[in-house]
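Okay, structure first, notes after.
Quick caveat: nothing in here was measured; it's all calculated off a predicted structure. Sequence lines set the chain letters: A, B, ... in the order given, protein chains first and strands last, and positions in each chain run from 1.
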Protein chains: 2
Amino acid sequence: MSEHFDDNKLSASLEDYLEAVLAVIIEKKAVRAKDIADRLSVSRSSVTGALQALAAKGYIHYAPYDVISLTDEGEKVAGAILSKHNALTKFFAEMLLIEPELAEETACKMEHSMPEEVIERLTCLYSFVMDSQKDTKEWSTKFSNYCKKQKKA
Amino acid sequence: MSEHFDDNKLSASLEDYLEAVLAVIIEKKAVRAKDIADRLSVSRSSVTGALQALAAKGYIHYAPYDVISLTDEGEKVAGAILSKHNALTKFFAEMLLIEPELAEETACKMEHSMPEEVIERLTCLYSFVMDSQKDTKEWSTKFSNYCKKQKKA
DNA sequence: CAAAAAAGTTAGGGATGACTTATATTATGC
DNA sequence: GCATAATATAAGTCATCCCTAACTTTTTTG
């Protein structure tokens with residue numbers, strides 16, 4: 001609503017950078033370019049480039065050698081990505097019983113192209129199913145047994 | 001197993017081309033470059049480029065002005081992509097009750113990065129849930145009511 | 001507080017991928 | 001055999017992403 005000019009669309013990789021900015025802020029109160037470089041395994045100069053791009057699109061406040069922070073818009077978007085990420089990871093791991101590492105990895109790939117609406121429904125499905133269980137343990141045994149049976153057939 | 005050299009990995013877009021080749025073959029017995037160009041809304045010359053790439057990687061038989069056909073490997077891979085696509089579409093549409101068009105569109109994006117294992121579990125979840133319903137109609141009303149309630153809260 | 005270390009930036013490249021238009025080439029139906 | 005429809009090639013655009021190397025700024029610390 002606020003911005004009409006659409007040069008502020010984010011590529012998957014820029015979304016990763018933005019997500020990383022928020023994640024680091026959450027876990028240690030402040031971000032340094034180096035944290036992001038380490039976390040994403042890229043060079044420091046790649047981080048500079050990404051931060052410049054994010055700033056140009058209005059998602060972060062950025063000036064050379066200065067503190068990095070999210071704009072309101074940036075916080076909104078980063079938050080959305082992060083919560084997609086978490087919702088997906090949870091769904092894959094707890095509902096589909098995928099091993100944590102693969103669940104994470106898959107969530108990372110999906111989070112960029114999965115529409116909000118689908119995530120919402122996924123979350124809804126999760127709680128719908130879990131509501132009818134005593135606990136997640138119950139679901140786990142029930143569903144993994146079913147899967148095993150299916151595999152045989 | 002058969003090939004050790006990994007220059008035969010496919011980008012998302014090459015997967016789309018390969019999938020299109022199979023889809024067209026299925027629906028009209030033979031493929032022409034033009035069919036693919038129309039279906040994917042790209043120029044003929046983009047199609048030529050993609051077909052060359054697919055041939056170089058061993059997924060199709062291709063020689064200038066000759067008939068296009070899938071290699072065994074190509075058929076296997078294209079089939080896998082197509083069935084991922086179908087499984088995802090079905091899951092989104094029938095299980096999550098996403099409108100058909102969005103379901104399709106989302107499946108298109110996901111099919112390239114969703115691991116087999118996750119698709120399998122998704123399919124399993126689908127049948128697990130459907131098994132405990134009289135029909136898909138029952139699920140539809142049950143789940144959409146639940147979603148509505150969730151939205152309010 | 002000055003010098004060394006660490007962090008950040010800039011400049012300059014290079015690879016890839018996915019398209020395009022414009023110009024040839026081939027195939028085939030009449 | 002020739003026109004035309006289908007294909008192919010050439011050459012180039014554009015965007016994304018990343019890197020190294022050299023430089024500047026900031027921070028740390030003896």
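B:S46 comes within contact range of at least one nucleobase, with a heavy-atom separation under 4.0 Å. As judged by a 4.0 angstrom heavy-atom cut-off over every strand, B:S11 is placed among residues touching the sugar-phosphate backbone only. Here B:S13 lies in heavy-atom contact (under 4.0 Å) with sugar-phosphate atoms only.
If you measure from atom CG of B:D16 to atom P of C:dA18, you get 9 Å, rounded to the nearest angstrom. Summarising the geometry, the separation between CG on A:L51 and C1' on D:dC18 is reported as 15 Å, rounded to the nearest angstrom. Distance, A:L14 CG to D:dT16 P: 8 Å, rounded to whole Å. Look at CG on B:D35: it is 17 Å from P on D:dA5, rounded to the nearest Å.
The two atoms that bring A:E94 and A:M130 nearest to each other are O-CE, 3.9 Å, heavy atoms only. Contact detail for A:L102 and B:P115: the closest heavy-atom pair is CD1-CG, 4.0 Å.
A heavy-atom distance below 4.5 Å is found between the side chains of B:L18 and B:I60.
For a distance-only test at 3.5 Å, the side chain of A:S45 qualifies as a donor-acceptor partner of the base of D:dT20. With hydrogens and angles ignored, a donor-acceptor pair under 3.5 angstrom links the side chain of B:Y65 to the base of C:dT25.
In this model, the phosphate group of D:dT16 is not approached by any side-chain N or O of A:Y17 to a distance below 4.0 Å at OP1 or OP2. For D:dA8, one of the phosphate oxygens OP1 or OP2 lies less than 4.0 angstrom from a side-chain nitrogen or oxygen of B:Y62. Remark: A:Q52 is not in phosphate contact with C:dT9, judged by side-chain N or O atoms under 4.0 Å from OP1 or OP2.
The existence of a salt bridge linking A:D38 and A:K34 is confirmed by a sub-4.0 Å separation between a basic side-chain nitrogen and an acidic carboxylate oxygen. Between A:E27 and A:R39, at least one side-chain N (NZ, or NE/NH1/NH2) sits under 4.0 Å from a carboxylate O, which counts as a salt bridge.
Nearest to the side chain of B:R32, among D:dA6, C:dT20, C:dT9, sits D:dA6. Minimum atom distance to the side chain of B:P64 is reached by D:dA8, of the listed D:dT7, D:dA8, C:dT9. Listed candidates were C:dG8, D:dC18, D:dA8. Nearest to the side chain of A:A33 is C:dG8.
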